[in-house]
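Okay, so here's the structure we're looking at.
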Protein chains: 2
Amino acid sequence: MSVRSQLLKGILEGCILAVISKETIYGYELTMKLRDMRIEVSEGSIYPILLRLQKEQLIVGEMRESPSGPNRKYYTLTDKGEEALQQFRMHWDALKGPVDELMQKGGGAHAHQRSDRGKQ
Amino acid sequence: MSVRSQLLKGILEGCILAVISKETIYGYELTMKLRDMRIEVSEGSIYPILLRLQKEQLIVGEMRESPSGPNRKYYTLTDKGEEALQQFRMHWDALKGPVDELMQKGGGAHAHQRSDRGKQ
DNA sequence: ACAGCTACCTTGCATCGCAAAGTAGCTTGT
DNA sequence: ACAAGCTACTTTGCGATGCAAGGTAGCTGT
């Protein structure tokens, strides 16, 4: 599996919650939107996540007629979904910093003082 | 499974490569170091990854005597490992920006201009 | 001798991204 | 009217991953 796919694991769900929190949107448009944001995804990833989020009552879906083409299922965040999004944001912020620090090419010394775990 | 665990998927491998690229280190110390950096992991995650990275020839391990306690297996990055790390860094940088943008609480309008995909 | 720490390894489970395939409505060209 | 192509949602099965749990074994302090 690709490096990108692995990186996406667990991140995608948060991204979808974030998008839906900003605007009511349907699955197909969501896919295109994420792609436009350079978050490459396939429908095979999106729809299962939407179904799961619905089952967990983080979002609710509502079928609406389309002005052109097949009907669309629009999703909206529930209160529980807002909570989950905040949770995710917290975890993302907590993870981003340390990983960024590790990924900086300038190796060797970094600012963190080690605790004395692991010493001899 | 926890939100944090899901977020870690695919990120951990890159983090481990990054740490090893900066210093030769053994598994147990690696675990402690990541924890000190607030990247919470268990040995059950670390060791399987180290074995896999070794099998893929991204790192090489060498048993050395410990001045106190059981012997330690020190890992070093191979050239192939350096390449993989750079690959990972690329993907991380590409992903971080868009996700950060999504996670910013200030919802609604963002800077990206949509392409005309998905229009009616 | 015994408990506790250090250090490594393995098994089994739940989760997740996604390719692939299926279903069906609508639009456009001929 | 018919075919082809786009839109839109759904399901199945696979491979990859984090991790709890359990196992082995060496060293240290009491």
Side-chain angles (χ1 to χ4, degrees), chain A residues 1-17 25-35 39-56 59 61-75 88 91 95 116-120, chain B residues 1-17 25-35 39-56 59 61-75 88 91 95 116-120:
Chain A
M1 196 180 264
S2 78
V3 177
R4 202 198 68 258
S5 291
Q6 286 309 323
L7 264 179
L8 272 181
K9 286 207 175 184
I11 296 180
L12 240 190
E13 182 175 318
C15 292
I16 291 178
L17 285 177
I25 200 173
Y26 58 99
Y28 189 78
E29 193 188 0
L30 178 62
T31 307
M32 296 311 161
K33 180 153 200 163
L34 287 174
R35 282 190 189 158
I39 301 178
E40 296 297 333
V41 288
S42 69
E43 299 180 55
S45 305
I46 296 298
Y47 287 113
I49 291 179
L50 287 174
L51 292 176
R52 193 175 71 242
L53 293 177
Q54 218 173 357
K55 197 187 294 179
E56 292 169 3
I59 60 177
E62 181 203 1
M63 246 357 195
R64 292 189 208 162
E65 282 178 20
S66 168
S68 76
N71 289 350
R72 302 164 174 174
K73 197 165 180 185
Y74 284 83
Y75 291 99
F88 182 87
H91 285 293
L95 186 62
D116 55 1
R117 275 182 290 168
K119 77 173 182 190
Q120 302 155 9
Chain B
M1 196 180 264
S2 78
V3 176
R4 203 198 68 259
S5 290
Q6 286 309 323
L7 264 178
L8 270 181
K9 284 205 177 188
I11 296 180
L12 240 189
E13 182 174 318
C15 291
I16 290 178
L17 285 176
I25 200 173
Y26 58 99
Y28 188 79
E29 193 188 1
L30 178 62
T31 307
M32 297 309 160
K33 180 153 199 162
L34 288 174
R35 283 189 189 160
I39 301 176
E40 297 296 333
V41 288
S42 69
E43 298 180 56
S45 306
I46 296 299
Y47 287 113
I49 291 179
L50 287 173
L51 292 175
R52 192 176 71 243
L53 293 177
Q54 218 174 355
K55 197 187 295 178
E56 292 169 2
I59 60 177
E62 182 204 359
M63 250 346 198
R64 291 190 209 161
E65 283 178 20
S66 168
S68 77
N71 288 350
R72 302 162 174 175
K73 197 165 181 184
Y74 284 84
Y75 291 99
F88 182 88
H91 286 292
L95 184 63
D116 55 2
R117 276 181 290 169
K119 78 175 180 186
Q120 302 158 10

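As a basis for the values below, the full set of heavy atoms in this structure was taken, side chains included, without hydrogen atoms, waters or symmetry mates. Order of the sequence lines sets the chain letters (A, B, ...), proteins ahead of strands, with each chain counted from 1.
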C:dC9, D:dC19, C:dC18: which one has an atom nearest the side-chain heavy atoms of B:Leu51? C:dC9
What is the distance, rounded to the nearest whole Å, between atom OH of B:Tyr47 and atom P of C:dC9? 7 Å
Separation of D:dC9 C1' from A:Leu53 CG (nearest whole Å): 16 Å
Does B:Glu43 contact C:dC8 through a side-chain donor or acceptor facing the base, at a distance under 3.5 Å? yes
Assess whether a salt bridge exists between A:Arg72 and A:Glu65, defined as any Lys/Arg side-chain N lying under 4.0 Å from an Asp/Glu carboxylate O. no
What distance do A:Gln54 atom CD and A:Lys73 atom NZ have between them, rounded to the nearest 0.5 Å? 4.5 Å
Nearest to side-chain heavy atoms of B:Leu12, which nucleotide of C:dG17, D:dG18, C:dC8: D:dG18
In whole Å, I'd like the distance from the CE atom of A:Met32 to the C1' atom of D:dT7. 8 Å
When rounded to the nearest 0.5 Å, the distance separating OH of B:Tyr26 from CE of B:Met32 is 9.0 Å
Going by modelled atom types, is there a donor-acceptor pair between the base of D:dA16 and the side chain of A:Lys9 at under 3.5 Å? yes
OP1 or OP2 of D:dT7 versus the side-chain N and O atoms of A:Arg72: is any pair under 4.0 Å? no
Look at all strands and tell whether A:Gly44 reaches a base, only sugar-phosphate, or nothing, counting heavy atoms closer than 4.0 Å. base
Walking DNA chain D from its 5' end, the first of A:Leu50 and A:Pro70 to be reached, judged by nearest nucleotide, is A:Pro70
Nearest to the side chain of A:Ser45, heavy atoms from C-beta on, is which of D:dG18, C:dG17, D:dC27? C:dG17
Rounded to whole angstroms, how far apart are OH on B:Tyr75 and P on C:dA7? 14 Å
Nearest-Å distance for atom pair CZ/P, residues B:Arg64 and D:dC27: 18 Å
Answer yes or no: does a side-chain N or O of B:Arg52 lie under 4.0 Å from OP1 or OP2 of D:dT17? yes
Phosphate OP1/OP2 of C:dT27 contacted by A:Ser68 side-chain N/O (<4.0 Å): no
A:Lys55 atom NZ is separated from C:dT15 atom C1', nearest whole Å, by 13 Å
Could you check how far CD of A:Glu65 sits from C1' of D:dT7, rounded to whole Å? 16 Å
Out of D:dG18, C:dA7, C:dT15, which has the shortest distance to the side chain of B:Tyr28? C:dA7
Minimal heavy-atom distance between A:Ser45 and A:Leu12, with the atoms involved, is CB-CD1, 4.1 Å
For atom CE of B:Met63 and atom P of C:dA7, their distance in whole Å: 11 Å
Counting just side-chain N and O atoms, does A:Tyr26 come under 4.0 Å of either OP1 or OP2 of D:dC9? no
Of all heavy-atom pairs linking B:Asn71 and B:Ser66, the shortest is OD1-N, 3.5 Å
